[in-house]
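Shown next, in structure tokens, is the structure this report addresses.
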Amino acid sequence: MFEFFVMIRLENISKTFIHDKKPIYALKNINIHVPAGQIYGVIGKSGAGKSTLIRCVNLLEKPTSGNIFIDNVDITQLSNRQLIHTRRKISMIFQHFNLLSSRTVFDNIALPLELDHTSKKKIKEKVNGLLELVGLQDKADVYPANLSGGQKQRVAIARALANDPKVLLCDEATSALDPETTRSILELLKDINKRFGLTILLITHEMDVVKQICDQVAVIHNGELVEQAPIGEMFSNPKSEAARQFIQSTLHLNIPDDYLHKLSPVPDEGLHPLLRLEFTGVSVDAPLLSQAAKEFNIDNNIISAQMDYAGGVKFGIMLTEMIGSPLNTKNAIQFLQNNNAKVEVLGYV
Ligand SMILES: Nc1ncnc2c1ncn2[C@@H]1O[C@H](COP(=O)(O)OP(=O)(O)OP(=O)(O)O)[C@@H](O)[C@H]1O
């Protein structure tokens with residue numbers, strides 16, 4: 001069988017901080033394998049342990065226990081000198097860009113090459129190539145203060161690529177950017193990933209980011225890895241509540257005001273259930289609503305719906321008023337649930 005070469009392998013990584021003499025278990029036994037050339041996302045809420053995790057990958061943070069293999073080398077076992085050498089192959093970009101304000105764009109990108117004692121001629125060639133790659137040829141002599149957020153992140157990406165890394169770590173790299181700039185930065189990362197086969201590990205709290213560029217995703221919650229899967233599999237069949245919530249966060253559906261006003265929490269004569277339906281994977285393609293309508297003699301008044309697409313999988317949510325007798329609506333709801341749709345009764349209208 002064809003085996004992927006694993007570029008980043010985290011084995012049983014735990015990290016415990018001591019705060020006020022009490023332990024904080026930031027990471028608990030995390031195992032992640034990132035195949036070479038993949039974009040791998042780690043998603044979690046604030047405080048889940050994402051930053052700690054990504055900082056462990058280049059040993060900015062030393063794990064309390066566990067091993068980290070990059071390109072088959074256990075970097076937890078390296079001497080400081082060896083680590084400096086290996087770290088050149090593990091680049092990182094940050095939420096707040098971390099550019100040097102006293103250096104021009106050109107000189108920011110040149111910095112890792114200068115530290116590597118590269119000749120001036122080679123630096124010029126390399127930096128000009130990188131400026132072109134990130135679309136900032138005309139900004140070489142500009143200082144970071146005069147750039148937009150998206151341009152700053154482009155400079156940071158160019159700087160991160162200067163040493164021809166094998167791995168790029170992205171620490172909430174688009175969290176400070178507006179949605180359109182976020183999209184263009186993610187497209188740039190995807191382009192770089194494809195062009196150079198660069199392995200990218202990113203952390204984020206936004207499923208939209210994962211949806212746009214990741215091949216695989218892991219969900220961490222309270223320092224534990226609760227689920228990991230290829231992106232299509234995660235969206236079609238999320239197994240943990242945390243994953244389900246992140247998927248839902250990419251779909252936005254509000255109850256219209258007039259429905260909110262008349263919504264009653266309890267059933268009553270003449271009122272019908274207002275349902276929030278979630279469809280993923282198999283349930284999204286089946287004509288479940290019309291089947292339910294025929295089989296149970298009910299009507300569905302669809303108020304709003306949103307469908308989306310990630311990793312080759314469709315998923316979506318719908319707000320609908322189900323009109324029929326109490327027994328028929330109860331049976332129809334059961335039918336939908338039996339067919340992998342998630343049904344929530346929001347109230348009665
Ligand atoms: N240097 C530290 N000392 C003590 N506790 C820490 C330290 N760094 C992180 N923690 C704790 O470890 C846990 C995980 O923090 P971490 O910053 O990794 O989470 P996160 O998922 O990146 O959150 P956010 O998205 O808010 O940055 C939190 O409870 C945090 O308070």
Side-chain angles (χ1 to χ4, degrees), residues 8-34 39-68 70 75-76 80 83 87 90-99 149 152-153 156 160 167-179 181-182 185-186 189 200-214 216-229 231 234 238-250:
I8 305 172
R9 185 149 46 100
L10 306 184
E11 286 195 346
N12 296 320
I13 296 298
S14 294
K15 176 73 190 182
T16 308
F17 293 106
I18 303 293
H19 188 69
D20 281 346
K21 296 188 181 157
K22 285 190 205 115
I24 297 170
Y25 300 104
L27 297 174
K28 301 170 206 165
N29 260 315
I30 304 280
N31 288 288
I32 288 179
H33 291 185
V34 183
I39 305 183
Y40 194 105
V42 175
I43 190 165
K45 288 188 185 160
S46 179
K50 307 179 294 293
S51 299
T52 307
L53 179 70
I54 204 158
R55 288 166 59 81
C56 278
V57 178
N58 57 3
L59 294 187
L60 281 180
E61 198 77 72
K62 208 170 175 321
T64 310
S65 61
N67 300 82
I68 297 155
I70 304 287
I75 63 169
T76 60
N80 282 345
L83 185 59
R87 272 212 188 111
I90 314 170
S91 276
M92 191 160 181
I93 57 171
F94 304 87
Q95 180 175 2
H96 297 296
F97 325 119
N98 295 12
L99 300 177
K152 284 181 195 166
Q153 197 58 292
V167 168
L168 178 66
L169 306 176
C170 306
D171 185 354
E172 295 277 9
T174 54
S175 295
L177 305 174
D178 61 61
T181 313
T182 292
I185 292 294
L186 293 177
L189 289 173
I200 298 181
L201 176 65
L202 65 85
I203 61 159
T204 180
H205 63 281
E206 293 172 298
M207 203 52 147
D208 282 320
V209 168
V210 169
K211 200 172 73 184
Q212 197 178 330
I213 62 165
C214 292
Q216 285 201 73
V217 56
V219 181
I220 56 170
H221 187 67
N222 290 335
E224 281 178 66
L225 198 155
V226 291
E227 189 168 348
Q228 62 181 321
I231 197 85
M234 175 80 76
K239 294 187 179 65
S240 64
E241 181 55 28
R244 219 181 55 77
Q245 280 180 13
F246 278 118
I247 292 169
Q248 285 315 306
S249 70
T250 71

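Note that ligands are numbered from 1 as they come in the structure, with each ligand's atoms numbered from 1 the same way.
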So with a 6.0 Å cut-off around NZ of Lys28, is the heavy-atom count from everything else above 12?
yes

Ignoring hydrogens, tell whether any protein atom lies closer than 4.0 Å to atom 31 (O) of ligand 1; use the non-hydrogen atoms only.
no

Element-labelled atoms of ligand 1 that are located less than 4.0 Å from some non-hydrogen atom of Lys45
21 (O)

Identify which one of Val57, Val167, Leu60, Leu201 satisfies the side-chain contact (heavy atoms from CB on, under 4.5 Å) criterion when paired with Met92.
Leu60

For atom 11 (C) of ligand 1, tell me which residue out of Ile24, Thr16, Val42 has the closest non-hydrogen atom.
Ile24

Quick one: does Glu172's side chain get under 4.5 Å of Lys50's, heavy atoms only?
yes

Atom 12 (O) of ligand 1 - nearest protein heavy atom and its distance
Ala26 CB, 3.4 Å

Sub-4.0 Å protein heavy atom near atom 2 (C) of ligand 1:
yes

Between Ala48, Gly49, Pro23, Gly47, flag the one that comes closest to atom 24 (P) of ligand 1 by a heavy atom.
Gly47

Could you tell me if the side chain of Phe246 sits less than 4.5 Å from the side chain of Val217, heavy atoms only?
no

Look only at interatomic distance and state if His19 has a nitrogen or oxygen under 3.5 Å from any nitrogen or oxygen of ligand 1.
no

I want to know if ligand 1 touches Thr52 in the polar sense, i.e. an N/O pair below 3.5 angstrom.
yes

What are the atoms of ligand 1, with element, lying closer than 4.0 Å to any heavy atom of Lys50?
18 (O), 19 (O), 20 (P), 21 (O), 22 (O), 23 (O), 25 (O)

Are Asp171 and Leu169 close enough that some pair of their side-chain heavy atoms sits under 4.5 Å apart?
no

heavy-atom search around atom 9 (C) of ligand 1 in the protein gives Phe17 CE1, 3.4 Å

side-chain contact (heavy atoms from CB on, under 4.5 Å) partner of Cys170, chosen from Ile213, Val209, Ile200, Thr204:
Ile200

Which residue supplies the protein heavy atom nearest to atom 26 (O) of ligand 1, what is that atom called, and how far is it?
Ser46 OG, 2.6 Å

Nearest non-hydrogen protein atom to atom 17 (O) of ligand 1, with distance, is Ser51 CB, 3.8 Å

Indicate yes or no: at least one non-hydrogen side-chain atom of Leu189 is less than 4.5 angstrom from one of Leu168.
yes

Do Ser175 and His205 have side chains that approach each other closer than 4.5 Å (heavy atoms only, starting at C-beta)?
yes

